[in-house]
Amino acid sequence: MTGAAVSGLLAGYGIAIPVGAVGAHLVAVAARSPWRTGAGAALGIAAADGAYALLAVAGGTALVPLLAPVATLLRWASALVLLALAAASARAAVRAHRAGAPPDDRPATPPHRAFWTFLGITVLNPMTVLYFTALVLGGHAATGPAEGAVFVAAAFAASASWQLLLSTTGTLLGHALTTPRARLLTALASSALIASLAVGVLL
């Protein structure tokens, strides 16, 4: 059990700590939203990681031939969604800046909506399931049902803890950047990062 827990924690942190496009978008959303919205988004990412860990443990070798034919399609879908997010975020930031509305006047995204949005975004990333499948095939997760459950729970807990740290950092960043120009530049920089990482998915 201890080995499965350690493997799950390492797997969860291994996929969560490298901050990619989803992590950058999480920080940007948290910076302009209440903490509960960022927390909902963070748990959505962790839920996707946990679901993929469960699929990897349950499916094992069967996942590889199933994913291979649709890997390119998933990669394109992921890149298009990320580009759309980058464009929407930049457009919203420019409109808010031109309108001159105070940040507190902007409607906050409900936590449950942020959860499902980020869950969907993360699910579109085929590298997550391939990552967990590789760990299972390499023998880093236990083979029994109980050990598999511990592995999945530990992977979810690790991902959740890191994503909540990112969302909290974004919230604190949002409180620090109070001027309209600072918020605009931060939002545009986040959008540019998301767009560049989306292109990197294709390359």
Side-chain angles (χ1 to χ4, degrees), residues 15-49 51-52 70-130 159 162-164 166-203:
I15 193 65
I17 288 179
V19 179
V22 178
H25 189 52
L26 170 63
V27 173
V29 169
R32 58 177 183 268
S33 307
W35 180 85
R36 61 183 181 274
T37 298
L43 293 177
I45 299 173
D49 288 343
Y52 271 147
V70 296
T72 301
L73 178 61
L74 288 174
R75 188 159 49 246
W76 274 96
S78 177
L80 290 175
V81 169
L82 291 173
L83 288 173
L85 283 172
S89 178
R91 183 172 62 251
V94 171
R95 286 180 177 177
H97 182 73
R98 289 177 176 175
D104 294 338
D105 289 348
R106 293 175 294 183
T109 302
H112 70 274
R113 183 177 299 176
F115 174 90
W116 290 110
T117 299
F118 275 81
L119 174 65
I121 294 171
T122 311
V123 164
L124 283 172
N125 185 3
M127 295 307 298
T128 306
V129 68
L130 291 175
S159 178
W162 182 258
Q163 305 303 340
L164 286 171
L166 282 183
S167 67
T168 302
T169 301
T171 301
L172 295 175
L173 179 64
H175 288 311
L177 301 174
T178 56
T179 66
R181 182 178 295 274
R183 288 183 174 270
L184 174 63
L185 293 177
T186 302
L188 293 179
S190 173
S191 297
L193 176 60
I194 294 172
S196 65
L197 292 173
V199 174
V201 170
L202 298 178
L203 300 179

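Counting begins at 1 with the first residue of the sequence.
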What's the spacing between Tyr52 OH and Ser159 OG if we round to 0.5 Å? 13.0 Å

Looking at Phe115 and Ala47, what are the two nearest heavy atoms and their distance? CZ-CB, 3.8 Å

Would you give the length of the straight line joining atom CG of Leu173 to atom CG of Leu166, rounded to the nearest 0.5 angstrom? 12.0 Å

Nearest heavy-atom approach of Ala42 to Leu26 is N-CD1, 3.8 Å

Do you know which two heavy atoms are closest between Gly38 and Ala30, and how far apart they sit? CA-CB, 4.2 Å

How long is the span from the OG1 atom in Thr171 to the CZ atom in Arg36, to the nearest 0.5 Å? 11.0 Å

To the closest 0.5 Å, what do you measure between CD1 (Ile45) and CG (Leu164)? 9.5 Å

Give a yes-or-no answer on whether the side chains of Thr168 and Trp35 include a donor-acceptor pair shorter than 3.5 Å. yes

